[in-house]
*Asks:* 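Here it is, the structure in full.
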2 protein chains.
Amino acid sequence: MTHARPAGQHTVRRHNSALVLGAIAESPGISRAGVAARTGLTKATVSSLVDRLVAASLLTDAGPERRDGPGRRGTSLSLSPRGPHGLGVEIAVDYVSTCLVDLTGAVHHHRTRPCDNRSQPVGRVLTRVAKAVDTALGDAAARGVDVGGVGIAVPGLVETSSGLLRLAPNLGWRDVDLPAELRRRSALPGDGVLVGNEANYAALAELWAGGHDGLRDFVHVSGEIGIGAGIVIEGALFDGTRGFGGELGHFAVSSRGPRCSCGARGCLERLAGQEAILDRAAAPDLDVLVERLEAGERTATAAVRGAADWLGAALSSVLNLLDVPAVVLGGTYARLHPWLADPLASHLSGRVMGAPWSPVSVLRSALGTEAAVRGAAASAVRTIIADPDAYIAPR
Amino acid sequence: MTHARPAGQHTVRRHNSALVLGAIAESPGISRAGVAARTGLTKATVSSLVDRLVAASLLTDAGPERRDGPGRRGTSLSLSPRGPHGLGVEIAVDYVSTCLVDLTGAVHHHRTRPCDNRSQPVGRVLTRVAKAVDTALGDAAARGVDVGGVGIAVPGLVETSSGLLRLAPNLGWRDVDLPAELRRRSALPGDGVLVGNEANYAALAELWAGGHDGLRDFVHVSGEIGIGAGIVIEGALFDGTRGFGGELGHFAVSSRGPRCSCGARGCLERLAGQEAILDRAAAPDLDVLVERLEAGERTATAAVRGAADWLGAALSSVLNLLDVPAVVLGGTYARLHPWLADPLASHLSGRVMGAPWSPVSVLRSALGTEAAVRGAAASAVRTIIADPDAYIAPR
DNA sequence: CCGATAAGTTCAGGCACCAAACTTATTTCC
DNA sequence: GGAAATAAGTTTGGTGCCTGAACTTATCGG
């Protein structure tokens with residue numbers, strides 16, 4: 001009820017266009033008649049809507065359907081791979097990456113440029129990002145496809161209302177208007193540019209491409225330098241009032257413990273973050289740690305088990321609060337999944353109130369470090385699928 | 001996109017009816033022209049929709065508007081106090097209460113029946129509840145008003161999808177279908193019966209009647225025997241996937257601490273619940289504790305400050321996760337607000353990442369123990385306001 | 001008492017959906 | 001090989017709801 005808009009016939013068309021496109025996205029190759037049956041619209045209406053979507057090159061009318069039995073064959077409908085693409089951009093601490101995704105979710109042009117963004121002034125980093133954006137846009141142009149939207153993933157707090165990057169502690173940035181800055185330095189479009197937190201985008205990538213068959217409610221935990229959480233509920237990202245949600249790293253999990261950069265003590269990040277685990281296992285890096293875990297070394301397994309306990313304490317609280325039935329481990333934790341999952345799961349099933357009705361599952365992220373860029377690109381594309389008229393109308 | 005329905009003209013009318021009714025609910029006494037300006041609909045459309053809503057006795061066409069300057073006066077529109085009412089029922093551990101609320105939110109017939117529901121078999125309690133329901137329905141009938149919806153508040157986990165009360169630990173109940181059981185024993189209507197958690201309903205009551213001027217995002221913490229939280233975001237209740245959300249009592253706030261009934265250690269409930277505070281202050285009950293606090297006694301203030309620290313640890317985590325800018329203290333904590341608020345606020349402002357952009361406020365619940373029933377009744381009424389056509393159409 | 005201003009109503013027009021009849025394509029069976 | 005059966009997709013007429021503009025009603029200022 002924030003400020004709802006009045007509805008008219010155009011609203012109906014808009015809603016139904018999205019409904020039709022969504023049905024086709026969920027079951028590619030479906031016929032007009034199939035869409036009508038699935039959506040509850042009449043065949044006449046579906047035909048009219050599909051024509052519009054085909055004209056806007058969001059759909060393609062591939063050949064006839066294969067089916068047994070009598071009757072005319074329908075024409076298979078699918079999202080058009082020649083329709084608008086989504087561009088994903090990730091500004092991480094030690095790299096900049098871009099990727100281009102079509103409506104079906106297929107990835108073209110994925111490219112990562114390692115570089116140290118921490119030690120550079122903001123302007124210099126933005127110039128580098130702008131160059132990456134222009135390269136990707138050039139690629140799309142060469143391919144002859146339209147870029148219908150852009151998603152930018154950053155490791156920091158992004159205010160949903162303004163799109164401003166409010167704070168990126170690990171980059172040392174504050175109050176940066178990324179779309180404006182990049183428009184000044186590149187051919188970034190003025191419309192359809194999204195900015196979001198990398199952990200949130202990674203969670204969305206997991207939702208759309210993770211292959212955890214139909215899982216629509218989970219908490220995605222990505223442990224890198226910090227610990228971020230992306231909360232997905234009923235297939236939608238939950239990011240709080242201003243978009244600052246999901247800050248799991250500073251969960252107060254103990255009253256003591258080392259002092260954190262945020263000023264407090266007992267933050268999860270300090271107790272179960274990558275650095276803490278490596279320290280306690282006395283391992284120089286993750287690869288060595290994994291080797292030692294595979295060899296079954298005592299100190300290594302104990303360190304991971306300790307982290308599992310702290311993580312379990314934090315996540316049990318999260319699950320009790322949000323009533324979410326699954327945890328997906330990403331980032332560093334994805335690699336540690338074989339050793340983390342069982343102790344974590346047993347910790348959670350003991351402490352989560354809803355567990356008796358549906359046990360908590362602890363899954364492993366299927367995507368690697370690409371998750372965030374891909375989520376950003378896919379978000380841009382999903383925006384079009386969720387409201388095709390917004391894309392069609394201005395043209 | 002769970003399974004969206006197709007839209008047609010009726011959808012448009014439905015949406016706009018809600019829009020008009022909502023505008024009038026937000027600013028009672030507004031004229032048709034005013035509604036048109038606020039909603040963006042034309043005067044013609046507003047007139048037509050208002051006529052329908054008046055015919056359904058959801059709106060009243062009170063006398064002319066008062067205003068300076070030239071021009072015809074509009075007719076004041078308000079929610080009709082003779083329209084459908086909402087019935088609230090609360091089944092607590094030591095009482096059953098009912099209340100009747102009209103569309104404007106005014107409370108008629110509030111009644112509380114003390115009784116010990118813990119020591120009685122389910123059937124006996126339900127019979128008592130049924131009697132209370134029938135009395136309230138009789139009251140509504142005597143008044144000549146329609147009961148358009150019923151909300152039932154219970155201290156337990158309610159599954160949103162089925163409406164089943166899955167578990168009420170303090171009542172010792174499990175898997176009870178309250179609407180069905182009560183329909184068997186009373187004149188409870190078959191349609192429009194909601195079941196929900198008392199903490200969630202209390203939070204909603206606070207949202208609608210709490211008078212925290214326009215506050216639409218907060219966590220309502222009600223400390224009684226357990227500790228429950230109601231999360232309100234953008235004016236809507238957030239209760240997780242299955243409706244089990246908001247379980248704050250078993251937040252893992254320490255790795256040690258006394259063993260809890262849930263089997264774990266370090267649950268917030270055991271460390272900062274009413275019982276824990278009284279124990280540490282060596283006070284026999286809440287009244288005595290408050291007296292001692294007012295007298296400034298050391299043990300009493302220390303006990304409350306200790307609870308504030310534990311609460312702060314849990315709530316800072318919640319606020320980081322959900323990005324909500326305010327905490328409302330209800331139940332026991334409302335009485336302790338003068339002593340809890342400051343330490344809690346300073347704790348939170350230190351640990352919440354978003355605090356620099358909008359300081360966290362710690363408010364006191366304006367409603368007493370009535371909050372839950374009133375929230376339940378108001379929910380029933382709000383359901384009608386949010387979708388008047390669903391109420392009008394079947395008639 | 002008239003002109004200006006604003007609220008509320010009436011009515012033709014358009015748009016999107018629906019139902020039903022119709023056309024087209026394919027299989028099945030004689 | 002041809003007719004009946006079945007199913008996909010299109011065409012057409014009808015209905016509901018919103019809009020814009022003209023119109024009626026009510027009130028104030030001079």
Side-chain angles (χ1 to χ4, degrees), chain A residues 4-21 23-24 27 29-55 59 61-77 388-389 392-393, chain B residues 4-20 23-24 27 29-55 59-77 388-389 392-393:
Chain A
R5 307 257 137 256
Q9 276 87 329
H10 59 100
T11 317
V12 174
R13 195 175 189 91
R14 188 170 179 164
H15 177 98
N16 288 336
S17 292
L19 192 62
V20 166
L21 196 56
I24 297 167
S27 34
I30 197 173
S31 67
R32 286 164 173 78
V35 172
R38 261 180 77 100
T39 58
L41 294 163
T42 59
K43 289 187 294 171
T45 305
V46 171
S47 272
S48 141
L49 293 173
V50 163
D51 286 350
R52 248 169 63 96
L53 294 169
V54 168
L59 288 179
D61 217 328
E65 208 181 22
R66 266 179 255 171
R67 175 173 51 72
D68 286 339
R72 172 175 170 179
R73 268 56 181 147
T75 47
S76 290
L77 298 167
D389 269 28
I392 298 173
Chain B
R5 306 258 138 256
Q9 279 89 328
H10 60 101
T11 317
V12 174
R13 195 177 188 88
R14 190 169 176 164
H15 177 97
N16 289 334
S17 292
L19 192 63
V20 166
I24 296 167
S27 35
I30 198 173
S31 66
R32 285 163 173 77
V35 172
R38 262 179 77 101
T39 57
L41 294 163
T42 59
K43 289 188 294 171
T45 306
V46 171
S47 272
S48 143
L49 293 174
V50 164
D51 287 351
R52 248 169 64 98
L53 294 169
V54 168
L59 288 179
T60 40
D61 217 327
E65 202 182 28
R66 267 180 253 170
R67 175 173 51 71
D68 286 340
R72 173 175 170 180
R73 269 58 183 145
T75 48
S76 291
L77 298 167
D389 269 27
I392 297 173

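Chain naming here is simple, since letters A, B, ... match the order of the sequence lines and numbering starts at 1 in each.
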*Asks:* Under the side-chain contact (heavy atoms from CB on, under 4.5 Å) rule, collect the residues that match up with B/V12, sequence neighbours excluded.
*Replies:*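 So B/V12 forms a side-chain contact (heavy atoms from CB on, under 4.5 Å) with A/A7, A/V12, B/N16.
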*Asks:* Would you please name every residue forming a side-chain hydrogen bond (donor to acceptor under 3.5 Å, both in side chains) with B/T42, sequence neighbours left out?
*Replies:*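 Only B/T45 meet the side-chain hydrogen bond (donor to acceptor under 3.5 Å, both in side chains) criterion with B/T42.
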*Asks:* Please name all residues satisfying side-chain hydrogen bond (donor to acceptor under 3.5 Å, both in side chains) with A/R73, sequence neighbours left out, ordered by chain then number.
*Replies:*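 None.
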*Asks:* Not counting sequence neighbours, which residues clear salt bridge (Lys or Arg N to Asp or Glu O under 4.0 Å) with B/R13? List them please.
*Replies:*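 Checked B/R13 against salt bridge (Lys or Arg N to Asp or Glu O under 4.0 Å); zero matches.
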*Asks:* When you measure from the side-chain N and O atoms of A/S47 to the phosphate of D/dT10, is any distance below 4.0 Å, counting only OP1 and OP2?
*Replies:*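 Looking at the OP1 and OP2 atoms of D/dT10, one of them is under 4.0 Å from a side-chain N or O of A/S47.
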*Asks:* State which residues pass side-chain contact (heavy atoms from CB on, under 4.5 Å) with A/S31; sequence neighbours excluded, sorted by chain then number.
*Replies:*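 In terms of side-chain contact (heavy atoms from CB on, under 4.5 Å), with neighbours along the sequence ignored, A/S31 is linked to A/A33, A/E65.
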*Asks:* Which whole-number value in Å describes the distance from A/D61 CG to D/dA8 C1'?
*Replies:*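 Rounding to the nearest Å, CG of A/D61 and C1' of D/dA8 are 12 Å apart.
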*Asks:* Can you check whether A/T75 has a side-chain N or O nearer than 4.0 Å to OP1 or OP2 of D/dA8?
*Replies:*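 Result: no.
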*Asks:* State which residues pass side-chain hydrogen bond (donor to acceptor under 3.5 Å, both in side chains) with B/R52; sequence neighbours excluded, sorted by chain then number.
*Replies:*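 Only B/D389 meet the side-chain hydrogen bond (donor to acceptor under 3.5 Å, both in side chains) criterion with B/R52.
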*Asks:* Reading nucleotides 21-27 of chain C 5' to 3', which nucleotides get B (base under 4.0 Å from a protein heavy atom), which S (sugar-phosphate only), which -?
*Replies:* ---BBBS
*Asks:* Which angle, to the nearest 10 degrees, lies between the helix axes at the two ends of the helix from C/dC1-D/dG30 to C/dC30-D/dG1, each defined by five pairs?
*Replies:*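 Nearest ten degrees gives 10° for this helix.
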*Asks:* Does A/R72 have any side-chain hydrogen bond (donor to acceptor under 3.5 Å, both in side chains) partners at least two apart in sequence or in another chain, and if so, which?
*Replies:*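 Here no residue qualifies.
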*Asks:* Do A/T11 side-chain atoms and A/G8 backbone N/O form a donor-acceptor pair below 3.5 Å?
*Replies:*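 Checking the backbone N and O of A/G8 against the side chain of A/T11, a donor-acceptor pair under 3.5 Å is found.
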*Asks:* Could you list the protein-to-nucleotides 11-18 of chain C atom pairs, N/O on both sides, closer than 3.5 Å?
*Replies:*
residue, atom, partner, partner atom, Å
C/dG14, N2, A/Q9, NE2, 2.7
C/dC15, O2, A/Q9, NE2, 2.9
C/dA16, N3, B/Q9, NE2, 2.9
C/dC17, OP1, A/N16, ND2, 3.0
C/dC18, OP2, A/T42, OG1, 3.4
C/dC18, OP2, A/T45, OG1, 2.9

*Asks:* Residues in side-chain contact (heavy atoms from CB on, under 4.5 Å) with A/T75, at least two apart?
*Replies:*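 Applying side-chain contact (heavy atoms from CB on, under 4.5 Å) to A/T75 gives A/R32, A/D61.
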*Asks:* Output all residues satisfying side-chain contact (heavy atoms from CB on, under 4.5 Å) with A/Q9, sequence neighbours left out; order by chain, then residue number.
*Replies:*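 Expected list: none.
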*Asks:* Round to the nearest Å and state the distance from B/R32 atom CZ to C/dT10 atom P.
*Replies:*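 Taking CZ of B/R32 and P of C/dT10, I get 11 Å after rounding.
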